[in-house]
Amino acid sequence: MTIIEIPEGWPADEDAALAVQQELRGRLVLGEEGPGVGEGNVTGVDVAYDDERDLVAAAAVVLDGRSLEVVEEATAVGRVSFPYVPGLLAFREVPTVLAALGRLSADPGLLVCDGYGIAHPRRFGLASHLGVLTDRPAIGVAKNPFTFTYEQPGASRGEFSPLVADGETVGRALRTRAGVKPVFVSVGHRVSLDRACALTLHLSPRFRLPETTRHADALCRRALRDALSTRTL
DNA sequence: GCGACAG
DNA sequence: ATCTTGTCGC
C-alpha cells in the first residue's frame with residue numbers, strides 16, 4: 001500500500017499554518033443555499049490516527065442523497081502532517097482526506113465533515129478548508145461544542161439553538177435524536193445554515209450522527225487496522 | 001499566568 | 001483522536 005506523502009511546502013509550524021489559513025479564508029464562499037435535501041450525492045469524510053507510528057488513515061464514503069445507500073468508498077493512508085492544535089485541525093487531516101477523495105470515481109456532491117466549518121476561532125475550520133480546496137459545498141457536524149456557548153435546544157428531534165462565539169451566531173446545536181445530546185452544525189462552504197441543518201437531519205434518520213460520518217468513521221478505522229497489519233514496522 | 005480547547 | 005471491561009438495552 002502506498003503511503004501518501006506530506007505535500008511540498010506544507011506548513012511546518014503554527015505561524016505558517018495561520019498564514020495559509022488566512023489566505024484560503026479569502027476564497028470562502030458563503031451566501032449560497034447549497035444542494036437540496038435528497039439531491040445528488042453526499043460524501044462523509046473522517047480520519048483515524050496511530051500516533052505511535054505517525055500514521056493517519058482517511059476514508060471518503062459516497063452515499064446517494066435520497067436513499068442514503070452507499071455508492072462508493074475510498075481510503076488513503078498517510079503520514080501525520082501536523083500536531084493537533086485547536087484551530088488548526090485541518091492541517092492534520094487535509095492531505096490524506098484529499099487523497100481519499102481523489103480516489104473516488106463518483107461525484108462526491110456535498111462534503112460532510114467531522115468537525116466545524118465557520119464555527120472556528122478565525123471562521124475557517126476543517127469543513128471550510130476542505131470545501132475551499134475542493135470547491136464543493138461542505139458542512140461541519142461536530143460532536144462537541146468546542147469553545148462555543150449554547151443553550152440546550154428542546155428535547156425533540158429537529159429542535160435547535162444558536163451556537164455562539166464572540167456574541168455572533170456561528171452555527172447551531174441541533175437535536176437529531178429526541179432526548180440525546182445535540183450535534184453541532186456549521187456552514188463549511190457554499191451552503192446556508194438552514195440548509196446545512198436540514199441536510200444533517202435528513203442524513204441522521206436513526207442515530208445522533210449522520211450516516212455519512214458513521215460510515216466514514218467505521219471505514220477509516222478499518223483502513224488503519226488493515227494498514228498496521230499489512231506492513232512490517 | 002492558568003485553564004479550555006473540533007479531532 | 002486514543003487508552004479501555006463490563007454492562008445495560010434494543
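Protein chains get the first letters and strands the later ones, always in sequence-line order, with residue 1 at the start of each.
Ring geometry for His129(A) versus Phe124(A): interplanar angle of 30 to 60°, hence tilted.
A donor-acceptor pair under 3.5 Å is absent between the side-chain atoms of Arg157(A) and the main chain of Ala178(A), judged by distance alone.
Remark: of the listed residues Ile4(A), Thr134(A), Val56(A), Leu130(A), Leu130(A) is the sole one forming a side chain to side chain contact (heavy atoms under 4.5 Å, CB included) with Val97(A).
Heavy atoms of Arg221(A) sit under 4.0 angstrom from primed sugar atoms or phosphate atoms, though from no base atom.
In this structure, CG of Leu224(A) is placed 11 Å from C1' of dA1(C), rounded to the nearest angstrom. The CZ atom of Arg225(A) sits 13 Å away from the P atom of dT2(C) (whole-angstrom rounding).
Follow the hydrophobic side-chain contacts under 4.5 Å out from Val185(A) and you reach Leu201(A) in the same cluster.
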Between the protein and nucleotides 2-7 of chain B, list every N/O to N/O distance that falls short of 3.5 Å.
residue : atom : partner   : partner atom : Å
dA6(B)  : OP2  : Tyr84(A)  : OH           : 3.1
dA6(B)  : N7   : Gly87(A)  : N            : 3.4
dA6(B)  : N6   : Gly87(A)  : O            : 3.4
dA6(B)  : N6   : Leu88(A)  : N            : 3.4
dA6(B)  : N6   : Leu89(A)  : N            : 3.2
dA6(B)  : N6   : His120(A) : NE2          : 3.4
dA6(B)  : N1   : Leu126(A) : N            : 3.2
dA6(B)  : N3   : Tyr116(A) : N            : 3.2
dG7(B)  : OP1  : Lys143(A) : N            : 2.9
dG7(B)  : OP2  : Asn144(A) : ND2          : 2.5

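Stacking of Arg172(A) on the aromatic ring of Phe160(A) is recorded, both the 6.0 Å distance cut-off and the 45° axial limit being met.
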